[in-house]
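Read through the structure below, which is laid out as structure tokens, and then see the notes.
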Amino acid sequence: MEELKNYGHQHPLLMLNQEQLLGNGNGVVDCSRCGEKVSAPCFSCVECCGFYLHKTCAQAPLELNHPFHRHHPLVLLQNPPSSYTRCKFIYHCSCGLDFHIKCALFTFNIAERNLKELEHVALEDPSFSPKNDGGNLGKCFACWEPLARYTYFSLDCGFNLHKKCAELPLKLNHLCHRKHPLVLQFNSERLSCKTCLVTQERGFVYGCSPCELAIHIDCASPLPVIEDHQHSFTLFWRQNPFICDACGTEGHHVAFTCGTCSIMVHKKCISLPRIIQQACHVHRVFHTFFFHKEYFESLNCILCYEVVDTEHGSYFCADCNVIFHVNCALEEKACYCIVSQENEDDKSLDIPVNSITKVLETNDAGEATVIEHCEHKHYLMLSDKISEHGDKCCDGCLLLISAKFYHCLRCDFFLHKSCAELPKKKLFLKHGCDEEQFSGPKPCILTSDCMFNCGLCRYLSNGFSYKCNECGSHVCLRCLDLLLQDAVKIPGHKHPLLLYFDYEGQCGACGRDFFFAFRCKDCNFQLCKLCVIQPTRVRHKCDEHILALTYDKVNDYAKYHYCDVCEKERDPRHWFYHCETCDTSVHVDCVLGKYSFIKFGGTYSVTIHEHPLTFVKKIHYYPECVTCGKPCEDLSLECAEPGCNYIVHYDC
């Protein structure tokens, strides 16, 4: 029985065969170095103190000169750093590299071509592997590609390596670096690849340490011709930078050329998808290397609004005649996007598209003057007499009545003509239902029978909204109008505003920070989404006249820069509401408050009470809430039935 005085333990160790290991009566035991299950032959403490070692772990050298890390020796540590918890013993380098003991020895045997030492390691076929859960097997340590593509070695510690990567040549003479051979090694210096310029912090690279150069395994592989074009692409090394004809951005060192078309592209652009469904656009878009600028009204990318170079590739929509930068089209944006009012392929909802269910009368111009609407029980009549109803709000968007509108002669119900003509159903291409993965257009239904928080502006409202059947989220009509505009025009600025995603700054109207903005391309002006949808005209109890949203200071005297509601100072750089007749000036938040987009007085049928309820906000008399017993000082629902004293907080 072989005896070993081993590093890291105070007692001698004895070698055990399988019979002796099972005869100890301890069942399954773990190796005290690598932390994995012990199998014979192995070593055990002669004092029976529970210390076991695999034979390979027991014979591991205290210092390892690893061919894949030639800069410094790897030292076997008994007490690894607190941040490393995978096993008790690790190989550590002063430059910050840490290796599980089995990973270090396994890769050492690969580098030394000790193939006999690899015979005991499991070789998995991804086609039959029990680990294959839908092809999600993890990635190869060397090339960092999915394991499911090739046969691979699998260690119990979670280290996996394609068999083809274990057989890679240790040295390589490469066209991109003629001075020295490139050596297979760990990318311990975190160098970016000379070919694709991407930094791969883990895995193997072919590198030249004296020249501080690295190339990824797949970038170093000989790929002289690739068939992913009408013609063949051929690998070509360049000393000078070039502009990729597929995406229009700069490339370095390595290019793929098509001699027939005289184009030069990045390696990654060879496999650009020809057709994609862009997350923020209605239709599919197509990639092209060449296009004629006379076909497009504007050469600006509709996502970043910068000019697209007509001499290089881009994505375009044949239906809308709009173009995209390649990188903009491929980038996933967090956005809402309206698809259409109708979709022939959508059979999920068998409902009428038109929200005007019946036209009873028309005028000489063909306009519907008397209608039935799906969201109201009485006839509605068309009118343009704003002077008679100018203080009334539209029940759809909850903004003051303007231009032509429909109104009910029997009750206090008003609808802008544009709100009345909205379709019953719209399809949203992308919103909160599928932030993780796009799964197709979502049907949203016009509704008016509830209180909701808009999914975009977050205002509480009981007007009309489009509600998603799947997730229950709502979009109010004010935000819908914003979504339908290619460029937003506001009275306070002479240029149109464009939506920029992932843009941080401060709003020019309220001073708040934002993460995406409506910006002017011609000057340094930007607005947050809340200020873009602010009503231009409002009514408030502080003044008998309508207040107008004002974008510039009315006068320069500091004594006038105060709010007439809260009596606190106003920042003259920020927007405010103003009455020119009374010279009343008010903070925007003091006017809008929490409930500016709630219309009080309408009735709603609910399950919590047998009678219809109406939204109220008590001012002088505060009855007790039937649920919590506290006074109803805030937004509440009150029974509309005479003689019934039911009232409940909205939050309750």
Side-chain angles (χ1 to χ4, degrees), residues 276-283 285 296-308 314-317 319-340 397 399 426-435 438 441-442 444 454-459 465-466 468 473-536 549 551 575:
I276 62 172
Q277 176 64 69
Q278 212 286 324
C280 290
H281 191 65
V282 174
H283 311 112
V285 296
F296 300 92
E297 294 181 7
S298 170
L299 295 180
N300 290 341
C301 170
I302 68 167
L303 294 180
C304 73
Y305 311 110
E306 299 298 328
V307 175
V308 176
S314 64
Y315 280 98
F316 72 97
C317 175
D319 297 293
C320 306
N321 286 340
V322 296
I323 53 178
F324 305 76
H325 290 117
V326 168
N327 290 341
C328 293
L330 295 176
E331 183 180 0
E332 283 292 325
K333 301 285 187 183
C335 64
Y336 266 76
C337 186
I338 305 300
V339 178
S340 64
C397 63
L399 300 178
K426 275 188 178 290
L427 296 180
F428 282 73
L429 184 64
K430 184 178 175 68
H431 76 139
C433 272
D434 47 10
E435 289 181 354
F438 175 68
K442 305 292 183 183
C444 294
C454 173
L456 291 182
C457 68
R458 302 299 178 187
Y459 275 118
S465 71
Y466 280 95
C468 174
S473 63
H474 295 256
V475 177
C476 70
L477 298 196
R478 296 175 304 282
C479 290
L480 177 74
D481 181 60
L482 191 66
L483 293 172
L484 292 172
Q485 300 180 54
D486 293 328
V488 179
K489 295 180 181 179
I490 60 169
H493 194 70
K494 60 183 178 180
H495 304 131
L497 303 182
L498 304 170
L499 179 58
Y500 285 79
F501 295 94
D502 303 323
Y503 181 88
E504 295 186 22
Q506 283 191 331
C507 176
C510 66
R512 286 188 284 254
D513 294 332
F514 52 66
F515 298 101
F516 68 91
F518 292 86
R519 294 183 62 227
C520 176
K521 191 180 176 185
D522 300 308
C523 54
N524 187 26
F525 181 76
Q526 57 266 337
L527 296 178
C528 67
K529 63 181 179 181
L530 294 182
C531 290
V532 171
I533 63 169
Q534 279 179 6
T536 55
L549 187 61
Y551 312 99
W575 292 358

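From a predicted model like this one, the values you see are computed outputs, not experimental measurements.
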Hey, what do you get for [atom1] ([X]) to [atom2] ([Y]), rounding to the nearest 0.5 Å?
X	Y	atom1	atom2	answer
I533	C457	CD1	SG	4.0 Å
L299	C301	CG	SG	11.5 Å
L499	L303	CG	CG	9.5 Å
Q534	C528	CD	SG	7.5 Å
H493	C523	NE2	SG	3.0 Å

Report task. With sequence neighbours excluded, tell me which residues meet side-chain contact (heavy atoms from CB on, under 4.5 Å) with D513. Result ->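 D513: side-chain contact (heavy atoms from CB on, under 4.5 Å) contacts with Q506.
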
Query raised in the report: Does F518 have any ring pair (Phe, Tyr, Trp, His ring centres under 6.0 Å) partners at least two apart in sequence or in another chain, and if so, which?
Result: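 F518 satisfies ring pair (Phe, Tyr, Trp, His ring centres under 6.0 Å) with no other residue.
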
Requested in this report: Only counting residues at least two apart or in another chain, list the ones meeting ring pair (Phe, Tyr, Trp, His ring centres under 6.0 Å) with F296.
Outcome: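 By the ring pair (Phe, Tyr, Trp, His ring centres under 6.0 Å) rule, F296 matches F291.
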
Report task. Go through the steps for L330 and F324 under the test side chain to side chain contact (heavy atoms under 4.5 Å, CB included), then give the verdict. Result -> CA-CA 9 Å; L330 295 176; F324 305 76; over 6 Å; no

Requested in this report: List the steps, then state whether side chain to side chain contact (heavy atoms under 4.5 Å, CB included) holds for Y500 with Q526.
Outcome: CA-CA 10 Å; Y500 285 79; Q526 57 266 337; over 6 Å; no

**Report entry** Pairs touching residues 517-535 that satisfy salt bridge (Lys or Arg N to Asp or Glu O under 4.0 Å), sequence neighbours left out
**Finding:**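 The answer is none; no pair qualifies.
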
Quick one: side chains of residues 476-484, donor-acceptor pairs under 3.5 Å with protein atoms, not counting sequence neighbours, listed by atom name and distance.
unit_1, atom_1, unit_2, atom_2, d
R478, NH1, C397, O, 2.8
D481, OD2, Q485, NE2, 3.2

Requested in this report: Take L527 and I490, measure what side chain to side chain contact (heavy atoms under 4.5 Å, CB included) needs, and give me the verdict at the end.
Outcome: CA-CA 11 Å; L527 296 178; I490 60 169; 3.5 Å; yes

Report task. Could you list the residues that satisfy salt bridge (Lys or Arg N to Asp or Glu O under 4.0 Å) with R458, not counting sequence neighbours? Result ->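 Partners of R458 under the salt bridge (Lys or Arg N to Asp or Glu O under 4.0 Å) test: none.
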
Requested in this report: Could you tell me whether the side chain of P491 reaches within less than 4.5 Å of the side chain of T536, counting heavy atoms only?
Outcome: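 They are in side-chain contact.
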
Query - Geometric class of the Y551/W575 ring pair [parallel <30°, tilted 30-60°, perpendicular >60°] - result: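 Answer is perpendicular, since the angle exceeds 60°.
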
Query raised in the report: Within the side chain of Y315, is there an N or O that forms a donor-acceptor pair under 3.5 Å with the backbone of N327?
Result: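 Checked: no pair found.
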
Report task. Mark yes or no for whether H325, through its side chain, and V307, through its backbone, hold a donor-acceptor pair below 3.5 Å. Result ->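 Checked: pair present.
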
Report task. State, to 0.1 Å, how close C317 and V285 come at their nearest heavy-atom pair, and which atoms those are. Result ->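 It is CB-CG1, 4.0 Å.
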
Query raised in the report: Where do V475 and K426 land on the side chain to side chain contact (heavy atoms under 4.5 Å, CB included) test, with the steps shown first?
Result: CA-CA 11 Å; V475 177; K426 275 188 178 290; over 6 Å; no

